[in-house]
Number of protein chains: 2
Amino acid sequence: MGNSKEQTNRTATEGGTRERLLEAAGEIFAEKGFRKATVREIVRKAGANLNAVNYHFGDKEGLYRAVFEHALHVCGHLDPETIRKLAGPAPEQRLRAHVAWHLRGLLSEQRPPWLARLRVREMTEPTGVLDLLVERHIRPHFLTLVGIVREIVGDGITEDRVRLCATSVAAQYLHYHHAKPVVTRLNPELKLDDAGIEALADHITQFSLAALENLLRDEEGSA
Amino acid sequence: MGNSKEQTNRTATEGGTRERLLEAAGEIFAEKGFRKATVREIVRKAGANLNAVNYHFGDKEGLYRAVFEHALHVCGHLDPETIRKLAGPAPEQRLRAHVAWHLRGLLSEQRPPWLARLRVREMTEPTGVLDLLVERHIRPHFLTLVGIVREIVGDGITEDRVRLCATSVAAQYLHYHHAKPVVTRLNPELKLDDAGIEALADHITQFSLAALENLLRDEEGSA
DNA sequence: TTGCGTATTAAACAGTTGTATCATGGGCTC
DNA sequence: GAGCCCATGATACAACTGTTTAATACGCAA
């Protein structure tokens, strides 16, 4: 191994290897999950020694937790374009922006942020970080969605029902990541490149909008 | 390598270790997935020897494959009530029957059939059995759903779009299993007992119906 | 220089995994 | 009974896991 990376520990806590470990671990954890990912593979990818994980993070779980905190600071925020759209007046456009942003984070291959994939990994296989993740990220995003849904359906529906509707919306874009191997088999025409992702966001938005608007009518009709 | 697979036990000793292994492995595989489940835990639950897995199924993966084939014969079929409703004339009722059947299989705790849970496990973590599973089970169910959706939306929508709509419907009930820990945190009022499952099926059906009917209107309007 | 603290390396450790090996038992035909 | 086949049992084994320990290189102050 050609080493010769260093030198210069600019700070006592942030060396080169520590950062590289976080990056490498993020990718591998996102791809394989906590259990399947091995420390040896992570340190190999990071070009570090086997002991580096235990030295810098105590143990494997400490690294896992640190990866989340690191990722939340680096790429957990919305892009300016999405922020602008989410702040707009039309709830339809806000719904589209919300759906598209999540879908991109889950399916876009080119970008580095494995945070989204780590997040859904934690959803299906909780490891203890889930509580922190729910409170600091998932719930805020969910409440944003709930607000959008509420604005679309109006005041004639209970809060519980609005949350169920928001869950139905989120379920759709999450599904394309959760069950990706099956979805691509059942929908062979699907192309999940950038254009395909936007088209999918269109579908999910239209489908959900249609549901929410019609639900409103039903409520008005039956009220 | 003695390939003593399926043809051996023809006698009434069918209730032997082979059967018990399939049952125990089904539960454990469904709960923990292929990788996390250990052979030792399976044989302990089955009351069999450690070697039993290798003897009867060659290796762990052979057991896994056999569990699927076994489960498909035992509990892969619809119950009579669901069959009756699915054969009915009203597509709304058929949609409700489809959604409720899948939801029950995924969330009902009392029943034995871990087939549904095994199925979604394979969706999120394919292990090679997925192809067989898709062709023999998932796709048929999906095509049933596609048929129902087509009947609701009419002929003014492309087949690709109909499949996307069916995917949106399926995504909803699958989500309650995939992301169960998160869903229950975000919707604390949810009770996933039998009554709660039926209520959930009502919501998903109404949401999807509203979407499909409104989509039809949009198609007519823009046509 | 010497000493000290920190980061990296290499090797070893203890635990668990799936699988293979060898021996045992039990029913069957001869 | 003897011989044989099939199912089971107890144990061994090699590979892999996360973690620990001991040794080394480097920077810097006294």
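Labels below follow one simple rule: chain letters A, B, ... track the order of the sequence lines, proteins then strands, and each chain is numbered from 1. Reckoned from all heavy atoms, side chains included, excluding hydrogens, waters and symmetry mates. Predicted model, so just to flag it, every value in this text is computed and none were measured.
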Side-chain heavy atoms of B:Ile148 within contact of B:Leu86, under 4.5 Å: yes

SB check A:Lys32 A:Glu41 (cutoff 4.0 Å): yes

Given A:Asn54, A:Val39, A:Val53, the one that forms side chain to side chain contact (heavy atoms under 4.5 Å, CB included) with A:Leu63: A:Val53

Residue met sooner reading DNA chain D from 5', once B:Arg35 and A:Gly58 are mapped to nucleotides: B:Arg35

Letter per nucleotide, 5' to 3', of nucleotides 10-16 of chain D [B base touched, S only sugar-phosphate touched, - untouched; heavy atoms, 4.0 Å]: BBB----

Those residues of residues 125-133 of chain B lying under 4.0 Å from DNA chain D by at least one heavy atom: none

Side chains of B:Gln206 and B:Arg96, donor plus acceptor under 3.5 Å: no

Candidates C:dT19, D:dT20, C:dA7 - which lies nearest the side chain of A:Tyr55: C:dA7

Under 4.0 angstrom between B:Thr17 side-chain N/O and D:dA7 OP1 or OP2: no

side-chain hydrogen bond (donor to acceptor under 3.5 Å, both in side chains) evaluation trace for B:Asp79 with B:Thr82: CA-CA 5 Å; B:Asp79 56 299; B:Thr82 299; 2.6 Å; yes

Angle of first-five versus last-five pair axes in the helix from C:dT1-D:dA30 to C:dC30-D:dG1, to 10 degrees: 30°

Test item: A:Arg20 side-chain N/O and A:Ala46 main-chain N/O as donor-acceptor pair under 3.5 Å: yes

Distance-only donor-acceptor check, side chains B:Ser168 and A:His203, under 3.5 Å: yes

Ring centre gap for B:Tyr173 and B:His98 strictly below 6.0 Å: yes

Residues A:Glu159, A:Arg150: salt bridge by 4.0 Å N-O rule: yes

Aromatic plane relationship, A:Phe29 with A:Tyr64 - under 30° parallel, 30 to 60° tilted, over 60° perpendicular: perpendicular

